[in-house]
Amino acid sequence: MNICIIGTGYVGLVSGACFADLGHNVICIDNDKKKIKKLKKGIMPIYEPGLEELVRRNLKNGRLKLGSNIKEGVKASEIIFIAVGTPSKENGEADLTFVENVSREIARSMTSYRLIVEKSTVPVNTGEWVEHIIRVFKRNKAVPFDVASNPEFLREGSGIEDFMHPDRIVIGVKSKKARAILVELYKGLNAPIVVTDIKSAEIIKHASNSFLATKISFINAVSNICDKAGADIVEVARGVGLDRRIGKEFLRAGIGFGGSCFPKDLAAFMRISDNLGYEFGLLEEAQRINYNQKRLVVKKITDHLWNIPAKTITILGLSFKPDTDDMREAPSIDIISMLRKEGARIKVYDPEAMQKAKALFKRDVEFCADPYRAAKNSDCLVVVTEWNEFKDLDFKKIKKLMRQPIIIDGRNIYDPGRMRKLGFTYVGIGRR
Ligand code: UDX
């Protein structure tokens, strides 16, 4: 089928390349001409495992095309995906300016039936607004169209895997025609398809992410009880997660969640419920616990270092999670800012996010080429992101390099007994 995807961010580019790989003709449109120029040369704007190869392969076989002109995309495709950014406003609400602008552009370009699909995460009722804009701005009043919602559930670092093997596909439609088109589009994935109305589909996305974020805050809250009681959160999570009604996923206690989705979607869902007249206190608590988790980690550091100003602290991991270079809402940002306020000297290392981190931290921290240089003359080593390469460091060497052998394991990736045997003061999150 012929598809146009507007917006080549994490969602748009991964979805476009995957649709092309499934055999569809895809044209990805972005108004960032520089980004499109680089993409045409096979240079990725984001670090996402497997994406470069997928894009190059489908550029080569001609199924994936790139452009900057919405008109061109709308002319060539019956299905138009809106995958533009919906950033948070000051009050946490999603900013839908780009969605409105793109909807207007699509309307002006339509000369025959088009199915306009919301792929970006949008608040409930956005579908109605998109329909209104299309109806108002389409040049030929007789041109038929449908609007649908098709939220994505792609995790950064496993976007292609999550697209090709989804737990479920959610489509919110108003017409049989729209339903038939989207069921046909996704049939190659053989995944369960939830067909519902547009509003329910929009809420499924926010409810899913908010539940996952709440699940993480729940286990983080329990980790604080384990800290105080002398129990072990990893054991507790194992015992809890074996209940198939709970499930073991997203029960890893640590520094808390970051990224471009959970913080934003949690805030947006809270605003949506406020605006609808329901106070979603549970989500406010999930947000509060998440922020406090970072403060608790800083307290663990300062509790073990006495006077901070004369101390050097090593931060291992800057991206918000492993296998991505994404620094959006990364816990490392707040943690480093809190430690700097206490006067600490900060040395950092991350396998992929250094470039993006340099733009953020500038000269406020010392960027080191590897974990060992980062550990040199350090009073405390803090694991903030659980990159695999931190799991088997040469700790004998690390211990010699450090001024004091103190490890704060913000993601519980080490075995407390092993680290203590190696002579480290080991502090985990809710570890015995
Ligand atoms: C999330 C959702 O999973 C995905 O469905 C949605 O489309 C986009 O947002 P993403 O943010 O890319 O994906 O990463 P994810 O793997 O979900 O992790 C989100 C955050 O939660 C990360 O900061 C991670 O460190 C944290 N996390 C995750 C935990 O702290 N504990 C866990 O057990 C799992």
Side-chain angles (χ1 to χ4, degrees), residues 9-12 14-15 46-49 51 83 85-86 88 94 118-122 150-163 165-170 201-202 204-223 233-234 236-238 240-241 246-269 286-287 289-294 296-297 317-335 350 353 383-388 390 409-413 428-430:
Y10 275 95
V11 174
V14 169
S15 305
I46 52 174
Y47 170 82
E48 179 65 34
L51 184 62
T86 53
S88 289
E118 295 168 338
K119 178 61 86 175
S120 308
T121 302
V122 291
N150 172 221
E152 48 74 31
F153 302 95
L154 309 180
R155 288 166 298 165
E156 288 181 38
S158 53
I160 295 168
E161 168 69 18
D162 291 343
F163 185 100
H165 306 287
D167 290 340
R168 78 299 202 189
I169 292 157
V170 172
E202 289 166 333
I204 286 170
K205 172 68 187 177
H206 271 123
S208 299
N209 269 8
S210 298
F211 182 85
L212 289 167
T214 304
K215 190 174 180 185
I216 292 167
S217 281
F218 179 82
I219 201 69
N220 280 338
V222 174
S223 77
I233 189 60
V234 171
V236 167
R238 195 156 64 89
V240 167
I246 298 171
K248 64 183 191 314
E249 299 287 319
F250 282 64
L251 276 182
R252 290 193 321 276
I255 263 172
F257 56 82
S260 65
C261 292
F262 283 176
K264 175 169 78 72
D265 291 356
L266 208 51
F269 206 26
Q287 206 175 39
I289 291 168
N290 194 55
Y291 183 73
N292 267 348
Q293 216 52 19
K294 292 175 265 194
L296 283 169
V297 167
L318 297 173
S319 60
F320 83 92
K321 65 181 262 197
D323 295 330
T324 177
D325 63 347
D326 198 345
M327 289 290 296
R328 287 175 290 182
E329 301 284 323
S332 61
I333 297 169
D334 285 343
I335 287 169
D350 183 286
V383 175
V384 171
T385 309
E386 65 279 26
W387 284 93
N388 276 336
F390 300 154
D409 183 0
R411 294 290 183 182
N412 290 340
I413 59 174
I429 306 284

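Just follow the structure's listing: the first ligand is 1, and inside any ligand the first atom is 1.
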Which distance, rounded to the nearest 0.5 Å, do you find between the CG of Leu154 and the CD of Glu161? 11.0 Å
Ranked by distance from atom 1 (C) of ligand 1, the top protein heavy atom is Phe262 CE2, 3.5 Å
Any idea which part of Leu154 is under 4.0 Å from ligand 1, heavy-atom wise: side chain, backbone, both or neither? backbone
Student check: side-chain heavy atoms of Pro331 and Gln293 closer than 4.5 Å: no
For Gly254, state whether at least one heavy atom is located under 4.0 Å from any atom of ligand 1. no
Only heavy atoms of Glu152, strictly under 4.0 Å: list the atoms of ligand 1 that pass. 7 (O)
Run the side chain to side chain contact (heavy atoms under 4.5 Å, CB included) check on His206 and Asp265 step by step: do they pass? CA-CA 6 Å; His206 271 123; Asp265 291 356; 3.9 Å; yes
Is ligand 1 less than 4.0 angstrom away from at least one heavy atom of Glu249? no
Ligand 1 versus Ile255, non-hydrogen atoms closer than 4.0 Å: side chain, backbone, both, neither? neither
Top protein contact for atom 12 (O) of ligand 1, by heavy-atom distance: Glu156 N, 2.6 Å
So how far is it from Leu251 CG to Glu249 CD, rounded to the nearest 0.5 Å? 9.0 Å
For atom OH of Tyr47, decide whether the heavy atoms of other residues, nucleotides or ligands shown that lie under 6.0 angstrom number more than 12. yes
If you measure from atom 17 (O) of ligand 1 to every heavy atom of Phe320, Tyr10, Phe153, Phe250, which option wins on shortest distance? Phe250
Closest non-hydrogen atoms of Pro151 and Val170, given as atom of the first, atom of the second and distance, are CD-O, 3.6 Å
protein heavy-atom neighbour closest to atom 20 (C) of ligand 1 works out as Phe257 CB, 3.5 Å
Nearest-neighbour protein heavy atom for atom 3 (O) of ligand 1, which is reported as residue plus atom name and distance: Arg155 CG, 3.2 Å
Taking only heavy atoms of Arg411, which atoms of ligand 1 are found under 4.0 Å from at least one of them? 25 (O), 30 (O)
Just to be sure I'm reading this right: ignoring hydrogens, which of Ser158, Cys261, Ala253 gets closest to atom 9 (O) of ligand 1? Compare them by their nearest heavy atoms. Cys261
The protein heavy atom nearest to atom 27 (N) of ligand 1 is Ile216 CD1, 3.5 Å
Would you compute the distance between atom CD1 of Ile289 and atom CZ of Phe218 and round it to the nearest 0.5 angstrom? 9.0 Å
Is ligand 1 less than 4.0 angstrom away from at least one heavy atom of Lys205? yes
If only side-chain N and O atoms count, and only distance matters, is there a donor-acceptor pair under 3.5 Å linking Glu156 with Ser260? yes
Is it the case that more than 12 heavy atoms not belonging to Phe211 sit under 6.0 Å from its CZ atom? no
Any side-chain heavy atom of Lys205 sitting closer than 4.5 Å to one from Asn209? yes
Is any N or O atom of Gly258, backbone or side chain, closer than 3.5 Å to an N or O atom of ligand 1? yes
Quick check on contacts: which atoms of ligand 1 are under 4.0 angstrom from a heavy atom of Lys321? 12 (O), 14 (O), 15 (P), 16 (O)
Measure across Leu318 and Asp350 and return the closest heavy-atom pair with its distance rounded to 0.1 Å. N-OD2, 2.7 Å
For atom 33 (O) of ligand 1, what's the nearest protein heavy-atom neighbour? Residue, atom name and distance, please. Arg252 N, 2.9 Å
